[in-house]
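Both backbone and side-chain heavy atoms feed into the values below; hydrogens, waters and symmetry mates do not. Predicted model, so just to flag it, every value in this text is computed and none were measured. For this chain, numbers begin at 1 and follow the sequence in order.
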Amino acid sequence: MIDKITPRPDETVAQMLRKDGFEEVDYKITQKNTYTAAFVNAEETEYLVIEDAFPNGRPPLDKVGVIFTDRHTVNQVETMKVTTCLNPIHTALAIFGCLLGYERISDEMKNPLLKKLAEKVGYQEGLPVVVDPGIINPKEFIDEVVGVRLPNPFIPDTPQRIATDTSQKLAIRFGKTIESYLNSETYDVASLEAIPFVLAGWLRYLLGVDDTGKVFEKSSDPRMTEVSAFVKDIKIGDTTIDRLNLGALLKDKTIFGVDLVAVNMADKVLDLFEEMIASEGAVEKTLRKIVE
């Protein structure tokens with residue numbers, strides 16, 4: 001399991017390098033829209049957890065922070081990161097960063113409302129059902145994510161990059177937590193607020209119009225044409241939506257991991273979606289209601 005936020009090569013980093021005397025730091029964009037450069041801008045924080053299965057002896061990488069453990073624990077760390085403590089927070093910020101006109105994840109973390117959303121997704125809704133792998137404390141991991149990693153201005157990551165392929169991410173990043181609530185004798189799936197809000201935000205994102213009414217370019221996604229068809233007739237200011245049509249999308253387990261209609265979450269998602277299309281500025285208004 002490897003965890004290290006590594007955005008695309010960024011012009012602000014290139015400028016810093018030029019100022020320090022480095023040459024030929026311009027980045028290239030290939031025909032396949034891949035970004036490449038002679039430098040890498042990545043965060044200092046990094047985790048590498050490896051199954052301790054070296055029949056001829058292993059290198060002493062534990063001396064430089066690599067964690068060796070059994071395969072089951074490696075999988076638990078991966079599940080902790082991807083389904084509760086980092087990736088869901090990242091996707092939530094990606095969706096609403098695009099809708100609220102942000103170009104940096106770090107700038108989003110300066111917005112008290114978005115910071116509270118990140119905390120609600122992580123601490124309030126993810127943490128209660130996370131499986132503690134024992135070698136990395138889940139709460140301390142989230143503390144680092146929201147307190148150090150995502151606010152880092154020297155990691156010039158964009159919500160637009162993180163929003164890439166969102167239809168392929170929702171099932172693992174949110175569906176698994178929904179399943180955990182459904183299977184829990186302690187927690188009620190009906191208590192979830194931030195996760196349905198993020199899913200409703202994705203529907204709002206599919207309109208390709210931000211909270212000020214400005215059209216934006218949606219990030220690449222293999223199912224974008226298919227899913228956008230469900231909202232093609234919806235416009236900002238609409239007072240009603242075709243719930244039956246959107247319900248067909250929300251039933252898709254390949255996108256959400258669960259049938260949101262069957263688990264009684266679809267109505268909550270659609271109610272929030274309706275609120276966010278009511279007018280310009282409605283996304284921020286609904287966000288405020290959810291986190292405050």
Side-chain angles (χ1 to χ4, degrees), residues 82-84 86-100 108 113-114 116-122 124-126 129 159 162-182 187-211 218-219 221-224 226-231 234 241-278 282-291:
V82 173
T83 69
T84 52
L86 173 57
N87 294 41
I89 297 171
H90 230 171
T91 289
L93 291 172
I95 291 170
F96 289 99
C98 293
L99 290 174
L100 295 176
E108 287 189 70
L113 298 178
L114 290 170
K116 286 181 180 179
L117 177 63
E119 292 170 343
K120 189 161 187 171
V121 169
Q124 292 183 231
E125 299 191 353
V129 294
I162 304 300
T164 301
D165 300 337
T166 300
S167 72
Q168 311 298 291
K169 298 173 178 177
L170 296 176
I172 186 70
R173 299 189 180 192
F174 299 102
K176 291 299 181 182
T177 295
I178 295 172
E179 285 183 346
S180 294
Y181 274 77
L182 290 170
Y187 301 103
D188 186 357
V189 71
S191 68
L192 294 174
E193 294 181 338
I195 289 177
F197 176 64
V198 174
L199 300 181
W202 183 61
L203 296 182
R204 175 64 180 78
Y205 170 90
L206 294 179
L207 299 183
V209 179
D210 71 15
D211 204 27
K218 291 177 283 189
S219 301
D221 189 307
R223 299 184 67 174
M224 184 57 73
E226 173 193 351
V227 296
S228 293
F230 286 92
V231 300
I234 298 176
I241 57 175
D242 186 342
R243 286 181 170 246
L244 185 62
N245 173 56
L246 287 170
L249 173 59
L250 297 181
K251 288 172 66 70
D252 192 335
K253 294 182 181 181
T254 65
I255 292 179
F256 300 102
V258 296
D259 179 338
L260 294 176
V261 175
V263 303
N264 296 318
M265 189 178 286
D267 283 340
K268 183 180 287 189
V269 171
L270 294 177
D271 287 346
L272 291 166
F273 177 59
E274 277 192 331
E275 290 184 37
M276 285 189 277
I277 65 168
V283 173
E284 183 174 354
K285 180 180 178 181
T286 309
L287 169 63
R288 186 179 300 277
K289 183 189 78 169
I290 289 294
V291 300

So do [Y] and [X] actually touch side chain to side chain, heavy atoms under 4.5 Å?
| X | Y | answer |
| --- | --- | --- |
| Y181 | V263 | no |
| V121 | L93 | no |
| F197 | L287 | yes |
| M265 | L182 | no |
| L100 | L114 | yes |
| V189 | N264 | no |
| K176 | V129 | no |
| P222 | D165 | yes |

Looking only at atom types and distance, does a side-chain atom of [X] sit under 3.5 Å from a main-chain N or O of [Y], one as donor and one as acceptor?
| X | Y | answer |
| --- | --- | --- |
| E275 | A282 | no |
| Y205 | A94 | no |
| R204 | E274 | no |
| K120 | E193 | no |
| N87 | R173 | no |

Residue list, side chain to side chain donor-acceptor pair (under 3.5 Å) with K253, at least two apart or on another chain
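Partners of K253 by the side chain to side chain donor-acceptor pair (under 3.5 Å) criterion come out as none, since no residue qualifies.
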D252: partners by side chain to side chain donor-acceptor pair (under 3.5 Å), with sequence neighbours left out
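D252 satisfies side chain to side chain donor-acceptor pair (under 3.5 Å) with R223, T254 once adjacent residues are dropped.
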Which atom names give the shortest non-hydrogen contact between [X] and [Y], and what distance separates them?
| X | Y | value |
| --- | --- | --- |
| F174 | A92 | CZ-N, 4.4 Å |
| M276 | G201 | CE-N, 3.5 Å |
| L272 | A200 | CB-CB, 3.7 Å |
| K251 | D259 | NZ-OD2, 3.3 Å |

In Å and rounded to the nearest 0.5 Å, what is the [atom1] to [atom2] distance from [X] to [Y]?
| X | Y | atom1 | atom2 | value |
| --- | --- | --- | --- | --- |
| I178 | T83 | CD1 | OG1 | 11.5 Å |
| I195 | I290 | CD1 | CD1 | 12.0 Å |
| Y187 | T177 | OH | OG1 | 12.5 Å |
| F96 | T286 | CZ | OG1 | 8.5 Å |
| I95 | L170 | CD1 | CG | 6.0 Å |
| M224 | T164 | CE | OG1 | 9.0 Å |

Kindly indicate, with the supporting measurements, whether the criterion side-chain contact (heavy atoms from CB on, under 4.5 Å) is fulfilled by L206 and W202.
CA-CA 6 Å; L206 294 179; W202 183 61; 4.0 Å; yes
Take atom NZ in K218; do more than 12 heavy atoms of anything else shown fall under 6.0 Å from it?
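Counting other residues, nucleotides and ligands, NZ of K218 exceeds 12 neighbours.
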Salt bridge flag under 4.0 Å for residues D211 and K285:
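Salt bridge: no.
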